Amino acid sequence: MIADAELERLAAERRLVLKDEPATTIEVLGLGDDAVVRKTYRNRGLRWLQTICRQSRAQREHDNLAAVAAAGVPCLIALGWSERRRGCFVEQSTLLTRFVPDALPLQHLLRAEPATSASTRTTLARAMGALLASLHRRGFLWSTPMPRNVLVQGEPSRGHLVVCDTPAVVSLNRDLHGGRLARIDLFLGAFSPSRRRDWQRGERWRWLLGYCDGDLPTARKLWRTMAPRGPLQNVVERALAMAFFTYILGRLRRGRRTEH
């Protein structure tokens, strides 16, 4: 974790607030290569009750980013985390990451005015599918593969994407590509009602081709599998997967490590 004195120095150079809401504040501190992003999460009411005996969001996101980076997938570089607890509950947690220069959220580009060009959108769609594929092949279920959780670095037409939000990532240490669990992410990334608004039909096909590395038969098979899938089915399967792999199996694994 960066020392408070260093954060104060960076904030004196520049403090740019990107988001300021009751539950979340996101700031850029500092200039140049030293710049960092500070995300502060505050828990109140039901959100506070849901933190009982759980890792804070900042810790989960920090650990997941570190694991994704170690696997060689482009993502934010986690620098540290901190939290403030009251008993078994998390009142506030803070995540620090390296600032990514010359980057915009993918969601911003998809909804920009004037509109992003058709060719660039196609490139971004294919790159998004390929990014998800790289996570699945390395055993990560992203759980939140939405455009708001991805940064586009540099010229958008190059399609260089960076994962920027990972609090719900599940690491399974096995290839998930195209399998049953992968359908949870595929739906959220390209087939949900929201993604059908973000991406046109042809762009969603390019998205799926990116996921399948251009393999047409596999892409066609996945399209037929995903097309009839509904939101309720996906919500239920995602909740079950998170409950089992994160809370049940995850605690068993941590318990075994503690014993050794």
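Bear in mind the structure is a predicted one, so any value in this text is a computation, not a measurement.
Grouping the Ile, Leu, Val, Met, Phe, Trp and Tyr side chains by contacts below 4.5 angstrom, directly or via other members, places Val37 apart from Leu151. Placement of Leu76 and Trp81 in two distinct hydrophobic clusters is found when ILVMFWY residues are connected by side-chain heavy-atom separations under 4.5 Å, directly or transitively. Ile26 and Met146 fall into different hydrophobic clusters, where Ile, Leu, Val, Met, Phe, Trp and Tyr are joined by side-chain heavy atoms under 4.5 Å apart, directly or via other members. Cluster annotation: Met128 and Leu104 are assigned to the same hydrophobic cluster (Ile/Leu/Val/Met/Phe/Trp/Tyr, side-chain heavy-atom contacts under 4.5 Å, transitive). Hydrophobic clustering (side-chain heavy atoms under 4.5 Å, transitive across Ile, Leu, Val, Met, Phe, Trp, Tyr) keeps Val90 apart from Leu96.
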- Stepwise salt bridge (charged side-chain N to carboxylate O under 4.0 Å, His left out) check, Asp165 with Arg57: CA-CA 11 Å; Asp165 203 347; Arg57 173 167 177 164; 3.4 Å; yes

- Query: So Thr51 and Asn43, side-chain hydrogen bond (donor to acceptor under 3.5 Å, both in side chains) or not? Walk me through it.
  - Reply: CA-CA 8 Å; Thr51 68; Asn43 301 306; 5.0 Å; no

- Message: Would Glu83 and Thr94 count as a side chain to side chain contact (heavy atoms under 4.5 Å, CB included) here? Give the steps.
- Response: CA-CA 6 Å; Glu83 64 182 28; Thr94 300; over 6 Å; no

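Ionic pairing of Arg9 and Glu6 is present here: one or more N-O contacts between side-chain nitrogen and carboxylate oxygen are shorter than 4.0 angstrom. A salt bridge does not link Glu203 to Arg201: none of the charged side-chain nitrogens sits closer than 4.0 Å to a carboxylate oxygen. Remark: Arg204 does not engage Asp198 in a salt bridge, criterion side-chain N to carboxylate O under 4.0 Å.
Between Gln92 and Tyr41, every side-chain heavy-atom pair lies at or beyond the 4.5 Å cut-off. Between Leu216 and Leu209, the closest side-chain pair of non-hydrogen atoms falls below 4.5 Å. Counting only heavy atoms from C-beta outward, the side chains of Phe99 and Leu29 never approach each other to under 4.5 Å. Residues Arg206 and Gln200 have side chains not in contact (no heavy-atom distance under 4.5 Å, counting atoms from C-beta outward). Inter-residue side-chain proximity for Pro231 and Phe187 is flagged as met; some heavy-atom pair is nearer than 4.5 Å. Counting only heavy atoms from C-beta outward, the side chains of Thr24 and Arg42 never approach each other to under 4.5 Å. Side-chain contact check for Glu27 versus Lys39: every heavy-atom pair is 4.5 Å or farther apart.
Pairing each heavy atom of Leu65 with each of Cys75, the nearest pair is O-SG, 3.6 Å. Closest approach of Thr218 and Cys212 over heavy atoms only: CG2-SG, 3.8 Å. Of all the heavy atoms in Asn149 and Thr144, the pair that sits closest is ND2-O, 2.8 Å.
Between Trp205 and Trp223, the ring planes are perpendicular. Angles over 60° get that label, and only those under 30° would be called parallel. The aromatic rings of His177 and Tyr211 sit parallel, their planes meeting at an angle under 30°, below the 60° perpendicular limit.
Between the side chains of Thr120 and Thr123, no donor-acceptor pair is found at a separation under 3.5 Å.
Cation-pi geometry between Arg84 and Phe89 is not met: the NZ or CZ atom fails to fall both under 6.0 Å from the ring centre and inside 45° of the normal.
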